Amino acid sequence: MKLRSPITLLFLFFIAESHAIWLTIPTSGTKCVSEDIQSNVVVLADYYVVADEVDHHQIHTVSLKVTSPYGNNLHQKENVTHGQFAFTSAESGTYLACFWLQNNHQQPTVTVSLDWRTGISAKDWETVAKKEKIQGVELELRKLEAAVEAIRENLIYLKNREADMREVSESTNAKVAWFSIMSLGLCIIVAALQLWYLKRYFRKKKLI
């Protein structure tokens with residue numbers, strides 16, 4: 001068993017080969033996959049319909065739509081057996097890829113294989129190596145440099161999100177505090193008016 005340094009472990013965490021997930025698409029309804037992605041990140045995904053184990057000659061198709069956190073349409077296809085989509089995230093948030101069966105009610109449930117890669121996992125290192133004529137240790141160092149940069153950007157992203165959440169929390173706490181003060185002041189005013197009214201009533205009736 002070989003021991004790996006923390007940097008190597010982080011490197012492997014960020015560039016580990018992505019494994020495709022299988023989605024079972026129902027005859028009615030939609031099956032979606034979501035991922036929280038920060039801005040300016042490259043996203044690459046391949047998808048295909050898994051062949052029917054019973055009847056290999058029967059061709060099944062699916063429809064899909066990929067949307068950004070603001071609802072912008074990034075990719076849409078209808079009645080396809082396979083495909084690929086790629087984009088660079090314009091804003092931070094949750095990106096959705098939704099699959100469904102369209103205009104084919106007799107079609108059984110369909111299984112779709114989706115390989116979703118982001119960041120340096122989506123980078124074609126073979127093309128980079130050929131273009132820049134690097135290989136071996138130099139290529140691994142380039143991958144490690146990209147992994148470290150991805151870690152740094154991710155830490156900055158998490159720090160900014162923490163700051164935003166803290167700002168929202170402080171703002172909410174301030175609003176709650178002011179609401180509590182206003183509620184207390186209103187209760188005091190109502191109590192004073194009730195006391196004044198009762199006092200006036202009893203004096204009018206000459207009870208006090």
Side-chain angles (χ1 to χ4, degrees), residues 10-128 143 146-162 164-165 168:
L10 287 172
F11 170 66
L12 293 175
F13 173 78
F14 274 89
I15 69 168
E17 293 183 0
S18 58
H19 297 280
I21 59 174
W22 283 22
L23 304 173
T24 301
I25 314 302
T27 53
S28 61
T30 304
K31 180 65 71 70
C32 296
V33 176
S34 65
E35 184 165 353
D36 189 22
I37 304 174
Q38 57 181 309
S39 60
N40 199 30
V41 172
V42 177
V43 178
L44 177 64
D46 295 282
Y47 58 90
Y48 65 89
V49 176
V50 179
D52 194 331
E53 295 181 358
V54 179
D55 186 1
H56 294 280
H57 299 288
Q58 186 174 3
I59 300 176
H60 301 307
T61 61
V62 295
S63 300
L64 75 149
K65 183 177 182 180
V66 182
T67 55
S68 70
Y70 294 156
N72 297 322
N73 191 4
L74 303 175
H75 178 82
Q76 185 170 359
K77 292 290 183 179
E78 296 181 355
N79 297 325
V80 294
T81 58
H82 65 280
Q84 182 185 81
F85 60 84
F87 60 88
T88 300
S89 56
E91 62 269 352
S92 301
T94 302
Y95 286 77
L96 282 175
C98 295
F99 296 82
W100 69 92
L101 305 181
Q102 185 175 16
N103 299 330
N104 197 349
H105 300 291
Q106 296 180 350
Q107 183 169 287
T109 57
V110 173
T111 301
V112 175
S113 175
L114 175 65
D115 185 9
W116 183 305
R117 290 162 288 172
T118 60
I120 61 173
S121 298
K123 196 168 185 177
D124 188 355
W125 289 105
E126 292 184 2
T127 302
V128 173
K143 292 180 181 179
V148 172
E149 181 64 21
I151 294 171
R152 188 184 71 84
E153 292 178 355
N154 190 52
L155 290 175
I156 293 175
Y157 172 67
L158 293 176
K159 183 179 179 181
N160 291 336
R161 284 198 62 180
E162 181 186 2
D164 293 339
M165 293 178 65
V168 171

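In what follows, residues are counted from 1 in the order of the sequence shown. If you're wondering where the values come from, they're calculated on a predicted model, not measured in any experiment.
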Inset, instruction - Hey, could you give me each pair passing salt bridge (charged side-chain N to carboxylate O under 4.0 Å, His left out) that has a residue in residues 89-102? Not counting sequence neighbours. - result: none
Inset, instruction - Under the side chain to side chain donor-acceptor pair (under 3.5 Å) rule, collect the residues that match up with H75, sequence neighbours excluded. - result: Y47
Inset, instruction - Among T118, I37, V42, find the residue that satisfies the side-chain contact (heavy atoms from CB on, under 4.5 Å) test when tested with S89. - result: I37
Legend entry - I156 CD1 to I151 CD1 distance, which is reported to the nearest 0.5 Å: 12.0 Å
Legend entry - Between CG on residue N73 and OG1 on residue T67, distance to nearest 0.5 Å: 7.5 Å
Legend entry - Non-hydrogen atoms of G93 and D36 that approach each other most closely: O-OD1, 3.1 Å
Legend entry - Any N79 side-chain heavy atom under 4.5 Å of S63 side chain: yes
Legend entry - Residue from I25, I21, T81, V33 passing side-chain contact (heavy atoms from CB on, under 4.5 Å) with V112: I25
Inset, instruction - State, with a plain yes or no, whether a side-chain heavy atom of R117 is found less than 4.5 Å away from one of D46. - result: yes
Inset, instruction - To the nearest 0.5 Å, tell me how far M165 CE sits from L158 CG. - result: 11.0 Å
Legend entry - Distance, nearest 0.5 Å, that separates CZ of F99 from OG1 of T24: 12.0 Å
Inset, instruction - Would you give the length of the straight line joining atom CH2 of W100 to atom CG of L64, rounded to the nearest 0.5 angstrom? - result: 6.5 Å
Inset, instruction - Answer yes or no: does atom CG of N40 have more than 12 heavy-atom neighbours from other residues, nucleotides or ligands under 6.0 Å? - result: no
Inset, instruction - For the pair S92 (side chain) and S39 (backbone), establish whether a donor and an acceptor sit closer than 3.5 Å, ignoring hydrogens and angles. - result: yes
Legend entry - Atom NZ of K31 with >12 non-hydrogen neighbours under 6.0 angstrom: yes
Inset, instruction - For a side-chain contact (heavy atoms from CB on, under 4.5 Å) with V110, tell me which candidate from V62, V50, T61 qualifies. - result: V62
Inset, instruction - List the steps and the verdict of side-chain contact (heavy atoms from CB on, under 4.5 Å) for Y95 and V66. - result: CA-CA 7 Å; Y95 286 77; V66 182; 5.6 Å; no
Legend entry - CD on E35 to CG on L96, rounded to 0.5 Å: 11.0 Å
